[in-house]
Amino acid sequence: MRYLVSVIDDKSNPGSTDRQPAISAFNERLIAEGHWVFAGGLADTDAATVVDNRGEQAVFSDGPFVESKEYLAGVWVWEAPDLDAALKLATEASKVCDRKIEVRPFQ
């Protein structure tokens with residue numbers, strides 16, 4: 001089963017910025033164990049653009065779709081046999097990247 005694993009940072013209490021070596025090592029382990037599907041870090045929310053084309057004309061808005069002190073800083077997509085395995089990995093990921101992690105299964 002595949003899981004979207006969201007890395008959540010906090011503007012008022014951000015995670016450590018020196019975590020890249022530990023994250024790289026964790027990613028290498030995910031690859032070696034067959035869990036890795038995709039991963040990527042995201043630009044700051046100031047770089048976001050929201051597009052709404054549900055009406056007669058598309059509307060473009062600068063910034064994130066919602067203003068919040070917490071924001072999506074990056075994502076992984078993992079392959080795991082079940083939710084328990086994904087949550088175990090997420091527990092490690094939270095420690096490794098020093099941020100909150102949200103785990104959501106794909107339908």
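Starting from 1, each residue takes its place in the sequence as its number. Side-chain atoms are counted along with the backbone in the values below, which use heavy atoms only and exclude waters and symmetry mates.
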**Study point:** Spacing of NE2 belonging to H35 relative to CD1 belonging to I31, to within rounding of 0.5 Å
**Key:** 12.0 Å
Check your understanding: Rounded to the nearest 0.5 Å, how far apart are CD of E92 and SG of C97?
Key -> 11.5 Å
Review point. For L87, does its backbone N or O pair with a side-chain atom of T91 as donor and acceptor, under 3.5 Å?
Key: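 Answer holds: yes.
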Check your understanding: Distance-only, no hydrogens or angles: does the D9 side chain make a donor-acceptor pair with backbone N or O of G15 under 3.5 Å?
Key -> yes
**Study point:** Residue pair R104 / Y3, side-chain heavy-atom distance below 4.5 Å
**Key:** no
**Study point:** Residue pair L89 / W76, side-chain heavy-atom distance below 4.5 Å
**Key:** no
Practice item. May I ask you to list the residues sharing a hydrophobic cluster with V51, side-chain cutoff 4.5 Å, ordered by chain and number? Key: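 Besides V51, the cluster holds F60.
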Review point. Members other than F38 in its cluster, when Ile, Leu, Val, Met, Phe, Trp, Tyr link by side-chain heavy atoms under 4.5 Å?
Key: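 Joined to F38, directly or through intermediates: L4, V37, L42, L72, V75, V77, F106.
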Exercise for review: Run the numbers on E70 and K100 for salt bridge (charged side-chain N to carboxylate O under 4.0 Å, His left out), then give the verdict.
Suggested key: CA-CA 10 Å; E70 292 185 326; K100 287 186 198 179; 2.5 Å; yes
Heavy-atom pair of closest approach, residues [X] and [Y]:
X: P14; Y: S12; result: CD-C, 3.7 Å
X: R19; Y: V96; result: NE-O, 2.8 Å
X: D46; Y: K11; result: OD1-NZ, 4.5 Å

Revision key, fill the gap. Contacts satisfying side chain to side chain donor-acceptor pair (under 3.5 Å) that involve residues 77-86 (not counting sequence neighbours) are R2-E79
Exercise for review: Evaluate whether atom NZ of K88 has more than 12 neighbouring non-hydrogen atoms of other residues, nucleotides or ligands under 6.0 angstrom away.
Suggested key: no
Review point. In terms of heavy-atom contacts, does CZ of R29 have more than 12 from other residues, nucleotides or ligands at under 6.0 Å?
Key: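 Check passes, neighbour count above 12.
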Point to revise | Residue list, side-chain contact (heavy atoms from CB on, under 4.5 Å) with P64, at least two apart or on another chain | key: T45, E67
If hydrophobic clusters are built by linking Ile, Leu, Val, Met, Phe, Trp and Tyr wherever their side-chain heavy atoms come under 4.5 Å apart, do [X] and [Y] end up in the same one?
X: V103; Y: L30; value: yes
X: V50; Y: V59; value: no
X: M1; Y: I101; value: yes

Practice item. Would you check if the distance from the ring center of F26 to the ring center of W36 is below 6.0 Å? Key: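 Between F26 and W36, the centre distance exceeds or equals 6.0 Å.
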Review point. Given the rule in the side chain to side chain contact (heavy atoms under 4.5 Å, CB included) test, do E102 and V5 qualify, once you have shown the distances and angles that lead to the verdict?
Key: CA-CA 6 Å; E102 179 188 67; V5 181; over 6 Å; no
Point to revise | Qualifying residues under side-chain hydrogen bond (donor to acceptor under 3.5 Å, both in side chains), relative to E28, sequence neighbours excluded | key: none
Review point. With D44, which residues qualify under side-chain hydrogen bond (donor to acceptor under 3.5 Å, both in side chains), at least two apart?
Key: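 None.
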